[in-house]
Amino acid sequence: MQVSRHLAQTSSLWPDHRSGATALGTAGPGSAPESPACHLAIDWACIFPKGMGARPDAEALGQVSRQVDALLAQGQQPWVTLHQGELPPALQAQGGWMKRSTIGAFADFARLMGEQLGDRVGHWITHENPALTTVHPQTLARALHTELQIAHHRLVSHGEALRALRSAAPGARVGIMLSLQAIRPASHLPADLAAALRQDGLRNRWWLDPLFGRGYPGDVLQALGVDAPTVLPGDLRSMASPCDFLAVLPQRLAQQASSGPEPEVDEARILELLERVHRDYAPAALYRLQPLRPAPARPSSHRIARLIPGAAAARPHLRIERVSF
């Protein structure tokens, strides 16, 4: 395996706990990037505070545009993330990601940003971990079906946003970020092996399989039963729209098929996870996210965007490495 490493700063106009520096670049393994890269997280809620159908906030769009220009003037290439969890309040009030209309709204948002920034931004991340279905505390009591339906709509919206971006900004390179987990059975007993397979299905294959054209894994669908999401015709085709890259954030705790504490995943097992993704799914480009330090604590309010309105901050705590095998 070869790894190409370089650091960049992340800037967020409305920062939250997931903002942080990521080393994103276009260089191949072992070569230096043409220029440093900067991860820019855009808050959908601030661009469309009144929801889709209303006019976008001109001041917010101007701030985004000026931030991109400032990064380019510093010799940095912006990589833009469109969604980290927050929705425009109006969309959330209408049902949020449980409503299929949010899929089209996200595609429209992606198209607008492509039109506004596509002449200067070449790399886009649609979703940062679609498994994070929401940040609102009342969802703690939601049923599994609801959480999976939300995640399903996010995966569908990824495909729709990908096509919208490429239409608005020809040549755009578009990908998605997933948080995956190394799975280890507690023993070689059949029960533990079966438990590990189930966990791998929910935590890894559930996201990777549909993104790479395989649909949801059949064993997981069977195990979920009535909790499985509703899939409409065309959904799987949209989800499988070819990405230009996949970014993986390996979870640091191993999932074991037994009770007791979960050990921290060692480097060898993380590399095994990445090699498996490369071997089984063959993404066009594969990146690994690696924390440099703990992310800042998240304030209790879910409206993070309004705590520091209009602010831009660079808080390095992540690195991305491009890997090849």
Side-chain angles (χ1 to χ4, degrees), residues 82-83 85 95-107 110 125-134 139 142-164 174-185 192-251 254-255 257 272-284 286:
L82 292 176
H83 190 52
W97 283 110
M98 275 300 291
K99 297 292 186 179
R100 289 191 65 92
S101 57
T102 304
I103 297 172
F106 185 63
I125 296 171
T126 57
H127 287 280
E128 183 175 315
N129 193 12
L132 293 175
T133 55
T134 184
T139 60
R142 282 186 174 180
L144 177 60
H145 168 77
T146 301
E147 297 294 332
L148 291 175
Q149 192 67 54
I150 289 172
H152 172 75
H153 288 163
R154 279 183 145 190
L155 288 176
V156 176
S157 76
H158 156 74
E160 297 299 311
L162 183 150
R163 286 194 291 275
V174 188
I176 191 169
M177 188 182 300
L178 297 179
S179 180
L180 302 178
Q181 191 164 46
I183 306 294
R184 171 184 290 171
D192 287 338
L193 293 173
L197 181 64
R198 288 195 300 272
Q199 290 294 334
D200 179 67
L202 277 170
R203 295 173 183 267
N204 297 327
R205 291 182 289 121
W206 186 259
W207 315 102
L208 290 164
D209 281 14
L211 286 172
F212 289 90
R214 304 179 185 181
Y216 288 118
D219 60 321
V220 181
L221 285 173
Q222 184 176 5
L224 288 172
V226 296
D227 284 327
T230 300
V231 179
L232 298 187
D235 282 359
L236 297 177
R237 182 173 62 252
S238 180
M239 295 157 69
S241 300
C243 288
D244 295 300
F245 62 88
L246 173 67
V248 174
L249 175 62
Q251 296 184 29
Q255 180 66 34
E272 288 174 4
L273 172 66
L274 294 172
E275 185 174 12
R276 173 202 172 186
V277 171
H278 168 79
R279 180 187 67 246
D280 293 352
Y281 298 96
L286 179 61

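Heavy atoms only: backbone and side chains are in, while hydrogens, waters and symmetry mates are out.
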Exercise for review: Would you indicate whether the side-chain heavy atoms of L211 and L178 approach each other to under 4.5 Å?
Suggested key: yes
Point to revise | D200 side chain near R276 side chain, heavy-atom distance below 4.5 Å | key: yes
State, to 0.1 Å, how close [X] and [Y] come at their nearest heavy-atom pair, and which atoms those are.
X	Y	result
I183	R203	CD1-CD, 4.2 Å
R163	S238	NH2-OG, 3.2 Å
G201	P217	O-CG, 4.4 Å
A284	C243	CB-O, 3.9 Å
M239	H158	O-CD2, 4.1 Å
N129	S179	ND2-CB, 3.6 Å

Revision key, fill the gap. Residues passing the side-chain contact (heavy atoms from CB on, under 4.5 Å) test with L197, sequence neighbours excluded, are R205, D219
Review point. T126 side chain to I176 main-chain N or O, any donor-acceptor pair under 3.5 Å?
Key: no
Practice item. Could you tell me whether a side-chain N or O of W207 sits under 3.5 Å from a main-chain N or O of L202, the two making a donor and an acceptor? Key: yes
List for me each residue that meets side chain to side chain donor-acceptor pair (under 3.5 Å) alongside [X], sequence neighbours excluded, and say none if there are none.
X	answer
Q149	H153
R214	none
D280	none
R100	D235

Exercise for review: Evaluate the criterion side chain to side chain contact (heavy atoms under 4.5 Å, CB included) for residue pair T230 and H145; output intermediate values, then yes/no.
Suggested key: CA-CA 9 Å; T230 300; H145 168 77; 4.3 Å; yes
Using 0.5 Å steps for rounding, measure from the [atom1] atom of [X] to the [atom2] atom of [Y].
X	Y	atom1	atom2	result
L180	L274	CG	CG	8.5 Å
M177	E128	CE	CD	4.5 Å
I150	L155	CD1	CG	12.5 Å

Review point. Which ring pair (Phe, Tyr, Trp, His ring centres under 6.0 Å) pairs, counting each pair once, include a residue from residues 209-244, with sequence neighbours left out?
Key: H152-Y216, W206-Y216, F212-Y281
Check your understanding: Which residue pairs satisfy the ring pair (Phe, Tyr, Trp, His ring centres under 6.0 Å) criterion with at least one member in residues 223-244, sequence neighbours excluded?
Key -> none
Quick one: side chains of residues 221-228, donor-acceptor pairs under 3.5 Å with protein atoms, not counting sequence neighbours, listed by atom name and distance.
none

